[in-house]
Amino acid sequence: MALLLEHEFKPLPADKQIETLPFLEAVAHLPPFFDCLGTPIVYSPVKADLTGNIKKIRAVYDSNPAKFKTLQNILEVEKELHGSAWPKTGATLALMWLKRGLKFILVLLQSISDGERDEEHPNLIRVNALKAYEIALKKYHGWMLQKLFTGSVYALPYKSDLLKALEKGKEVKEEESIEKIHQFVTRVTPILDAIYEMYTKMNAELSYKA
């Protein structure tokens, strides 16, 4: 899976302290995933949001790499720095939305890897995309955005075309592509879970709608 496995995420350490720079370098290569889904009116803003949040976190990290060595450091320092405005500010807010975009990608890919599908239309990915949206993003979107997203599933590419796009146009057997997706999901899920756990523990999760 050329797009997904070219830039590896570091394994989650035992203490669940995620180093900021390696995480950002790995995740910076994921926004093009949304190009593979087509429907620019819906997914271009998601891609831009993901890219923008990565840049915001990177700017904070670059301001003091030692102070912001881990993602945990970012939340801790910004909590102290911003007071009552935290967590709706800075890299803390950017990472909150970034993890939701990553969650969408992972749930969609996990669903495809698990073989979940519409038996009458097995080459469509509507079932997988709707599941990912329900779990990762829907509750943070207002009514108009929800309608836009749920309507967009009818313009999604066929599964075979998505897999080919993820392989950057190469013809690869479906089972090989699915195995690569499984590798990617297995590698990234513990990292994302640890970020969600960190937000819960620090009471940094916000539920306002975009």
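All values derive from a computational prediction rather than experimental measurement. Side chains included, hydrogens not; waters and symmetry mates left out as well; all remaining heavy atoms used.
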So, are [X] and [Y] salt-bridged, with charged N and O less than 4.0 Å apart?
X: Lys201; Y: Glu197; result: yes
X: Glu205; Y: Arg100; result: yes
X: Glu134; Y: Lys139; result: no
X: Glu116; Y: Lys131; result: yes

Handout entry: Asp15, CG atom: more than 12 neighbouring heavy atoms under 6.0 Å
Key = yes
Practice task
Taking atom NZ of Lys69 as the centre, report whether more than 12 heavy atoms of other residues, nucleotides or ligands fall under 6.0 Å from it.
Solution key: no
Problem - salt bridge (Lys or Arg N to Asp or Glu O under 4.0 Å) between Glu167 and Lys180, intermediate numbers included - result: CA-CA 10 Å; Glu167 295 284 4; Lys180 291 175 185 175; 3.5 Å; yes
Measure across [X] and [Y] and return the closest heavy-atom pair with its distance rounded to 0.1 Å.
X: Arg117; Y: Val127; answer: C-CG2, 4.2 Å
X: Ile54; Y: Ala28; answer: CD1-CA, 3.9 Å
X: Ser113; Y: Ile181; answer: CB-CG2, 4.0 Å
X: Asn203; Y: Trp86; answer: O-CZ3, 4.4 Å
X: Pro157; Y: Leu37; answer: CD-O, 3.2 Å
X: Ala129; Y: Leu108; answer: N-CD1, 3.5 Å

Under 6.0 Å from the six-membered ring centre of [Y] and within 45° of its axis: does the NZ or CZ of [X] meet both?
X: Lys103; Y: Tyr196; value: yes
X: Lys138; Y: Phe149; value: no
X: Lys10; Y: Phe23; value: no

Look only at the side chain of [X] and the backbone of [Y], and say whether a donor-acceptor pair between them is shorter than 3.5 Å.
X: Thr189; Y: Val185; value: yes
X: Thr89; Y: Ala85; value: no
X: Asp49; Y: Pro45; value: no
X: Thr186; Y: His182; value: yes
X: Asn73; Y: Thr70; value: yes

Enter the distance from [X]:[atom1] to [Y]:[atom2] here, rounded to the nearest 0.5 Å.
X: Ile18; Y: Ile191; atom1: CD1; atom2: CD1; result: 6.5 Å
X: Lys170; Y: Ser177; atom1: NZ; atom2: OG; result: 11.0 Å
X: Gln146; Y: Met144; atom1: CD; atom2: CE; result: 11.5 Å
X: Asp193; Y: Leu12; atom1: CG; atom2: CG; result: 9.0 Å
X: Met96; Y: Leu75; atom1: CE; atom2: CG; result: 10.5 Å
X: Gln110; Y: Phe184; atom1: CD; atom2: CZ; result: 11.5 Å

Heavy atoms, side chains only, cut-off 4.5 Å: are [X] and [Y] in contact?
X: Ile178; Y: Glu175; answer: no
X: Trp143; Y: Lys209; answer: no
X: Tyr140; Y: Tyr208; answer: no
X: Leu124; Y: Lys159; answer: no
X: Met202; Y: Gln72; answer: yes
X: Leu109; Y: Leu4; answer: yes
X: Phe33; Y: Leu50; answer: no
X: Ile195; Y: Leu102; answer: no

Practice task
Quick one: do Asp118 and Arg126 satisfy salt bridge (Lys or Arg N to Asp or Glu O under 4.0 Å)? Show the steps, please.
Solution key: CA-CA 8 Å; Asp118 179 345; Arg126 293 174 194 165; 5.8 Å; no
Problem - Between Thr92 and Tyr199, a side-chain donor and acceptor under 3.5 Å - result: no
Practice task
Start with the C-alpha distance between Glu78 and Val60, add both sets of side-chain angles, then the distance that settles side-chain contact (heavy atoms from CB on, under 4.5 Å), and finish with yes or no.
Solution key: CA-CA 10 Å; Glu78 287 198 337; Val60 169; 4.0 Å; yes
Exercise for the section: Could you check Glu179 against Lys173 for salt bridge (Lys or Arg N to Asp or Glu O under 4.0 Å), going step by step and ending with a plain yes or no? Expected result: CA-CA 10 Å; Glu179 174 55 32; Lys173 290 181 181 178; over 6 Å; no
Hydrophobic cluster identity match, [X] and [Y], side-chain contacts under 4.5 Å:
X: Tyr133; Y: Leu98; value: yes
X: Leu95; Y: Leu30; value: yes
X: Ile135; Y: Leu145; value: no
X: Val107; Y: Leu156; value: no
X: Leu81; Y: Leu93; value: no

Exercise for the section: Give the intermediate values and the outcome of side-chain contact (heavy atoms from CB on, under 4.5 Å) for residues Cys36 and Leu3. Expected result: CA-CA 10 Å; Cys36 301; Leu3 179 63; 4.0 Å; yes
Practice task
Could you check whether the rings of Tyr43 and Phe34 sit parallel, tilted or perpendicular, using 30° and 60° as the cut-offs?
Solution key: parallel
Exercise for the section: For the pair Arg58 and Leu21, evaluate side-chain contact (heavy atoms from CB on, under 4.5 Å) and give the outcome as yes or no after the intermediate values. Expected result: CA-CA 8 Å; Arg58 183 62 189 254; Leu21 184 58; 3.6 Å; yes
Practice task
Could you walk me through whether Glu8 and Arg187 pass side-chain contact (heavy atoms from CB on, under 4.5 Å), step by step?
Solution key: CA-CA 8 Å; Glu8 294 190 10; Arg187 186 176 297 160; 3.2 Å; yes
